Amino acid sequence: MSAANVSFYERVEDALQDRRLHVALDRATGRFGSLRANALASLPNADAVRDRARFIRAHTLGRLDHYLLQFAQAVEANGGHVHWAVDAAAANDIVCALAKRSGVKTAVKGKSMVTEEIHLNRALEASGVTVIESDLGEYIIQLAGEKPSHINAPAIHKTKEQIGQLLHEKIGMALTNAPEQMTAAVREKLREVFLTADMGLSGVNFGVAETGTLALVENEGNGRLTTTLPRLHVALMGLERLVPTLDDLGVMLQLLARSATGQKMAVYTNLITGPRRPGEADGPEELHVVLVDNGRSQLLASDVAEILFCIRCGACLNTCPVYREIGGHAYGSVYAGPVGAVLTPALEGIGPWRDLPHASTLCGACREVCPVRIDLPRLLLALRDEGHRAGHSPAWLKIGLSLYSLAATRPALFRLALTAGRWLTRLLALEGWLTRLPPPLNGWTASRDWPAFAQQSLSKQRRSKHP
Amino acid sequence: MTSNHQVVLSRIRQALASARLPAVPTSLPSWDTQPAGDNDWLMETFTRAVTAVHGQVYRPANDQAAIDLILEGVRQLNNAEILAWADSELPIPELGLALRAAGLRVLDAALPADPVARQAKLWELGRAAVGVTGALAGLADTGTLALVNGPGRSRLASLLPPVHVALLRTTTLFPALAAFFAAHPAITQLGSNLVFVTGPSSTADIELTPVWGVHGPKQLRVVLV
């Protein structure tokens, strides 16, 4: 993945101008937010469950080597195959080789962020395999040639009118604005794909180390079809996504759907333990699990390792005042929102992604809703610091800070600067506020006002009150 | 496992040697405070929860009434082909016999291993109008069914047809997921696929408008016996 040619701030400007995007974002994030709150309220002792979930994530990551080995051995004992991919290219090579070996022409895919992260579709298409997304939102996005803008509602940036037009043009559906008819048209179209696909591709929500079980959580049934109909199932999984036992999985499942969509439980929680067994009626003949590192092992040693606790529920996106204004595409990365602003630079380096940690007001709403209580503001600050140390801060910030430290360490100069500031701001202020500053300070007043300095400095006021 | 696994594992071990993960308390207060009640309470709670997720619950007086109810429902779908679990795998084994005796076509769900024959079979199964299964358990607080696949227990019966009829014994209701896992510690040995089903297939991907029957069943009918 690479930062687009357009800068982050230009994308943000575009997003802020997009009225339709705002309507869609308001509807979606607002609704998710209130549904989530209700769903957690329905969980007895929700805070204790979250503490337990956080404990499980920390414990698992602290012994990740042990649990990975245990998991891999269990998958193989169940008759599955495990592949280890150091990076995106290796993961793509593994899947392409599997496709080639089995003569795969068409692959059907369930919704998966890690396959977006490694750009699997592109790699498979390049080796002659047609990949079809099967989650309704992902299918719409694929038809439109776009990228998902939300972890669990990939097409929330599109209106039903846009989607109706798209389906009319691309799959010949009779023009309609009714989501029910659109869904029926896609069902029919994709049923054919499911019945003929040679390979099913999926992500994994949790891997259970003890049993080698893959847990996949979804609502539509496309995930189950993907992992049941084709004779070959390939599951890709970020290597941090383990839990030790089925009981631990039970804890995480109490939180995932509630935090993501406000459901107590998703429609389908699909637990896969190996391929079809002898005598079983159906299921894939072959199961392959690809464990994807792609920067995660390095991240584990960094200051922001806590981001690996993430279970990809998307709650931090829905609550983030910045995400709610600019949407997912403005971030320019596969992962958006607060989690994306940490995960993207953490996995791929701060250089191309130095602006993302600044896409936050540090209000802490993300930390409040995170089911595993990730301290996202702390992680964002750590990455800002890293960017600054790497020399990525803009010149004005560096000059500004050195001027400030020059003045702040010299009392006489500081008092002089204050006096000058007081005079200047009071001269330019209207009713105590400056609404427009000259360059280079006009960036500040573009979206907020600047208060005039008080008549007396704080220390002077204090001295006059307590002589 | 390929040799890459050594590379990845050594990277992780190296990272863990210097990793500073946030400290978490090592002992936690008891968290599993799921409510529990008697069987009536379980049935009421379960029924309410299934209804809340757009499913339907039927509570026939006895097994014969359940068979009659299902036959009646299937007859309303003209010439319906049925994708049902094997008689021996259903909580009411007589149901299969009754369906066939009524002249309904019950498909053999087992997929052949040969890729070409497998695909042909899938197309045949895709025509089924009703799937009939037996749940291993029900989870009251979420209105969830637990289904385990195996010989005579096809995964597709709860997935391909537009209507899914699931039989559930009231004696197999649990208050919640944790209690179910506690009672079935070796559940993953029973079959390669355990699926928790909570309502009919659904989506909200278009402007968050709920629509049922996206890729899986549009209707979920639970028959409590």
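Residue numbers start from 1 in every chain, and the chains themselves are labelled A, B, ... in the order their sequence lines are given, proteins ahead of strands. Keep in mind that what you see is a predicted model, and the values were worked out from it rather than measured.
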Between [X] and [Y] (salt bridge meaning N to carboxylate O under 4.0 Å), is one present in this structure?
X: A/R57; Y: A/D248; result: no
X: A/D47; Y: A/R373; result: yes
X: A/E306; Y: A/R54; result: yes
X: A/K264; Y: B/D141; result: no
X: A/R27; Y: B/E207; result: yes
X: A/E220; Y: B/K218; result: no

Which one wins on heavy-atom pair count under 4.5 Å against chain A: [options]?
options: B/S158, B/A186, B/S202, B/A23; answer: B/S202
options: B/T209, B/N149, B/D108, B/V148; answer: B/N149
options: B/G216, B/P151, B/G213, B/G55; answer: B/P151
options: B/A86, B/G199, B/G150; answer: B/G150
options: B/L160, B/L147, B/L220; answer: B/L160
options: B/K121, B/R153, B/R155; answer: B/R155

Given heavy-atom pairs under 4.5 angstrom as the criterion, report whether the side chain, backbone, both or neither of [X] touches chain B.
X: A/I163; value: side chain
X: A/D293; value: side chain
X: A/L253; value: side chain
X: A/I140; value: side chain
X: A/A24; value: neither
X: A/L61; value: both
X: A/L239; value: side chain
X: A/A197; value: backbone
X: A/A215; value: neither
X: A/T245; value: neither

pair [X]-[Y]: side-chain heavy atoms closer than 4.5 Å:
X: B/V165; Y: B/T133; result: no
X: B/L168; Y: B/L145; result: yes
X: A/N222; Y: A/F194; result: yes

Given the options [options], which has more heavy-atom pairs under 4.5 Å with chain B than any of the others?
options: A/H59, A/R191, A/E285; result: A/R191
options: A/V75, A/T183, A/D135; result: A/T183
options: A/P179, A/A85, A/A90, A/G79; result: A/P179
options: A/Q298, A/E138, A/E180, A/R276; result: A/R276
options: A/T228, A/L68, A/L308; result: A/T228
options: A/R231, A/E188, A/R187; result: A/R187

By a 4.5 Å heavy-atom criterion (distance strictly below it), what part of [X] contacts chain A: side chain, backbone, both, or neither?
X: B/L21; result: side chain
X: B/P200; result: backbone
X: B/V53; result: neither
X: B/V211; result: side chain

Exercise. Within 45° of the six-membered ring axis of A/Y67 and under 6.0 Å from that ring's centre, is NZ or CZ of A/R63 located there?
Worked result: yes
Among side-chain atoms of [X] and [Y], is any donor-acceptor pair under 3.5 angstrom?
X: A/N219; Y: A/Q263; answer: yes
X: A/T213; Y: B/T188; answer: no
X: B/S192; Y: A/T273; answer: no

Problem set entry | Over 12 foreign heavy atoms within 6.0 Å of CD, A/E192 | no
Exercise. For the rings on B/H215 and A/Y268, is their centre-to-centre separation under 6.0 Å?
Worked result: no
